[in-house]
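The sequence lines fix the lettering, A, B, ..., with proteins before strands; numbering per chain opens at 1. No experiment lies behind these values; they were computed from the predicted model shown.
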Number of protein chains: 2
Amino acid sequence: MNLTFRQLKVFEAVARHLNYTNAAKELHLSQPAVSMQVKQLEEQVSTPLIEKLGKKLYLTEVGLEIQDYACNTLQQLVDLEETIAQMKSMKRGHLKMAVASTANHFVIRLLASFAKVYPRISISLDVTNRSSLLELLEKNECDLVIMGSPPEGHNLQSAPFLENPLVVVSNPHHYLADKKHVSLQELEKEDFVVREQGSGTRSAAKRFFTEHNLKFKTKMNMSNNRAIKHAAEEGLGLAIVSVHTLEIELKAKTLKILNVEGFPIFRNWYVVQREGKRLSPIAKVFNEYILQESDNMMQNFDIPHF
Amino acid sequence: MNLTFRQLKVFEAVARHLNYTNAAKELHLSQPAVSMQVKQLEEQVSTPLIEKLGKKLYLTEVGLEIQDYACNTLQQLVDLEETIAQMKSMKRGHLKMAVASTANHFVIRLLASFAKVYPRISISLDVTNRSSLLELLEKNECDLVIMGSPPEGHNLQSAPFLENPLVVVSNPHHYLADKKHVSLQELEKEDFVVREQGSGTRSAAKRFFTEHNLKFKTKMNMSNNRAIKHAAEEGLGLAIVSVHTLEIELKAKTLKILNVEGFPIFRNWYVVQREGKRLSPIAKVFNEYILQESDNMMQNFDIPHF
DNA sequence: TGTTACCATAAGCTATAGCTTATGATATAT
DNA sequence: ATATATCATAAGCTATAGCTTATGGTAACA
């Protein structure tokens with residue numbers, strides 16, 4: 001059995017009018033064209049669908065069944081078109097983002113303001129560490145990723161879009177906290193609370209220490225920023241974190257930024273996508289949006305002086 | 001937008017395999033044939049549905065939407081085929097019958113035994129009088145009608161299939177009840193309880209009286225047979241009814257058949273359909289069934305002697 | 001680096017979908 | 001009986017759906 005949408009469309013019109021001529025007018029066709037479509041449909045199901053008694057037309061039982069089917073199917077087609085149109089015009093759709101833990105703070109802001117502009121868009125946001133992000137990209141399980149240091153050799157495309165100053169923080173009562181200037185030698189002696197393996201912040205810090213031939217005493221490692229900051233607040237060690245994560249703590253004065261030689265380390269945030277990936281319309285727009293909005297974001301962050 | 005079932009079918013296979021070559025094998029097509037169908041579908045919705053990242057294929061958002069749609073639509077098509085097949089093989093379907101009130105008794109029996117053979121067939125049975133039956137046929141609102149005397153000039157096709165003996169009945173204590181023989185002259189003096197205008201039984205009786213130049217004193221008329229018989233039982237008058245309606249009353253001896261000159265009037269039951277009407281498979285089978293079964297029915301009815 | 005697997009593209013062919021106009025058949029109305 | 005409305009059928013045309021084979025491009029992989 002090999003129906004066509006055309007057959008259904010024409011049959012539906014005939015079934016509704018119970019009159020070939022009028023159906024033909026509605027469809028802007030000649031009457032024989034309509035007769036032929038119906039006839040072909042009848043041949044497909046090899047059973048009559050319409051019978052003519054005297055002057056009037058009646059649907060047979062199978063005819064009624066097919067009328068019902070045709071109505072549904074055609075309606076679903078309309079719905080599909082509508083859905084696709086909405087997706088294309090970004091009235092609907094799904095945006096799959098993933099961000100490094102550290103970026104969480106400001107990305108959420110971006111998403112929130114973006115969501116206001118496109119209210120019917122659903123968004124999924126995966127907050128995880130660097131290596132998981134790469135995996136997500138690899139599996140094509142997200143549209144865009146926001147992360148630190150541009151990864152190479154993974155067929156990725158990345159664009160820097162926001163500065164990410166890493167600073168050293170401590171409990172305000174730490175003996176280094178009030179020093180005007182902290183040297184790297186002094187820093188080397190301290191214990192650090194750091195993120196787990198795979199974290200971008202961690203590897204950036206590590207790189208800094210190696211580049212300056214310093215020991216990097218990592219006393220504890222934990223898998224989220226809040227925990228690290230809490231540990232630093234409790235005096236368990238110093239921490240190296242992005243300024244972007246510090247808003248509350250600075251306001252509450254539970255942490256203090258140390259004025260260490262060579263800090264802040266200015267890294268960048270990158271918007272990363274898979275090379276060759278054709279972004280969905282909504283992802284494309286969001287991509288542009290964040291590049292543009294990042295400027296405004298910068299201004300709203302008070303990068304603290306020392 | 002002008003999708004085809006073919007496009008959906010092919011796309012569905014590709015979306016499932018995420019591999020053109022394998023989809024082509026499944027569909028017994030060349031690989032380019034599959035590529036082309038997908039490409040055409042993409043052109044129809046003017047948006048990409050599949051993207052190739054490295055070696056792997058992924059569905060875009062719209063692609064997922066269409067996959068979902070295709071699955072549903074194709075499944076519904078299968079369901080439709082199944083339904084039609086069942087209708088054709090009479091596993092399913094609907095039989096629309098209408099019968100004269102008087103025929104109700106034995107038609108119900110026929111339907112009951114028929115329904116056992118075709119359990120998933122639904123049946124509607126309209127029990128009404130002669131003129132309503134003709135109207136139902138006129139409007140093509142039923143498949144078959146069972147009624148008395150063949151109507152003419154209505155573009156109807158009818159086949160006689162069962163004898164319908166009309167007899168005169170009375171309360172057993174009626175003074176005519178015990179007479180060996182009742183003459184028409186004696187009958188003429190009696191009051192009759194009859195069916196309403198439009199009833200076949202009524203007009204048959206009326207015809208009998210006119211043909212024999214007799215007065216026909218119709219004391220009461222009522223619109224159903226049970227009421228008429230009840231009235232006769234109560235001694236309100238004689239009644240002329242089909243033997244087929246008398247089973248219980250004869251057994252209970254609440255009514256008695258009078259041995260009147262010229263009675264029983266042998267009319268026939270007819271199966272009637274609209275001329276040119278192509279019966280549904282199930283109606284066709286039922287039509288044959290009742291013609292065949294009517295013989296058995298005859299034997300089960302004791303036509304009483306006088 | 002060459003090989004392999006896989007998809008895209010091109011060229012070319014055939015069957016037929018799909019339409020039209022013209023005409024025939026039939027039931028109803030006048 | 002004649003006219004009218006309506007559907008069926010026929011003939012004929014065009015565009016193209018849909019397939020094939022051949023070939024080219026490109027990741028991944030050894």
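- For B:S30 and A:L18, each mapped to the nucleotide of DNA chain D holding its nearest heavy atom, the one lying further toward the 5' end belongs to A:L18.
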(request) Starting from the C-alpha separation in whole Å, work towards a yes-or-no answer on salt bridge (Lys or Arg N to Asp or Glu O under 4.0 Å) for A:E135 and A:K139. (result) CA-CA 6 Å; A:E135 200 181 326; A:K139 291 188 188 160; 3.2 Å; yes
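- Here the closest heavy-atom approach between residue B:L156 and residue B:R274 is recorded as CD2-CA, 3.9 Å.
- Taking every heavy atom of both residues into account, B:K9 and B:L74 meet most closely at CA-CD1, 3.8 Å.
- By the 4.0 Å N-to-carboxylate-O rule, A:R207 lies too far from A:E211 to be salt-bridged with it.
- Extent of DNA chain C lying under 4.0 Å from chain A heavy atoms, first and last nucleotide in 5' to 3' order, is C:dG18 to C:dT28.
- With sequence neighbours excluded, no residue forms a salt bridge (Lys or Arg N to Asp or Glu O under 4.0 Å) with A:E65.
- Looking at B:D126 and B:T128, their side chains never bring a donor and an acceptor atom within 3.5 Å of each other.
- Taken over five-pair windows at either terminus, the axes of the helix from C:dT1-D:dA30 to C:dT30-D:dA1 are inclined to one another by 30° (rounded to 10 degrees).
- Here the side chain of B:S199 pairs no donor or acceptor atom with the backbone of B:R195 at under 3.5 angstrom.
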Return the polar atom pairs (N/O with N/O) between nucleotides 25-30 of chain D and the protein under 3.5 Å, or none.
none

(message) Determine whether B:K284 and B:E288 satisfy the following criterion, salt bridge (Lys or Arg N to Asp or Glu O under 4.0 Å), listing intermediate values before the conclusion.
(response) CA-CA 6 Å; B:K284 215 175 288 172; B:E288 289 156 15; over 6 Å; no
(request) Verify ring pair (Phe, Tyr, Trp, His ring centres under 6.0 Å) between B:F5 and A:F5, making sure each step is shown before the conclusion. (result) CA-CA 7 Å; B:F5 280 106; A:F5 279 105; 4.3 Å; yes
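- In terms of position along DNA chain C, the nucleotide closest to B:L57 lies nearer the 5' end than the nucleotide closest to the other residue of the pair B:L57 and A:Q31.
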Using distance only, find each side-chain donor-acceptor pair of residues 41-49 of chain A under 3.5 Å and give its atom names and separation, not counting sequence neighbours.
unit_1	atom_1	unit_2	atom_2	d
A:E42	OE2	A:L49	N	2.9
A:E42	OE2	A:I50	N	3.2
A:Q44	OE1	A:N2	N	2.9
A:S46	OG	B:K88	NZ	2.9

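- Scanning residues 65-76 of chain B for heavy-atom distances under 4.0 Å to DNA chain C yields an empty list.
- The nearest heavy atom of DNA chain C to A:L29 and to B:P32 marks one nucleotide each, and the one closer to the 5' end goes with B:P32.
- Between A:R267 and A:E163 no salt bridge is recorded (no basic side-chain N to carboxylate O distance below 4.0 Å).
- Side-chain contact of A:T4 with B:R6: a donor-acceptor pair under 3.5 Å is absent, judged by distance alone.
- Using a 4.5 Å heavy-atom cutoff, the side chains of A:Q31 and A:K25 are not in contact.
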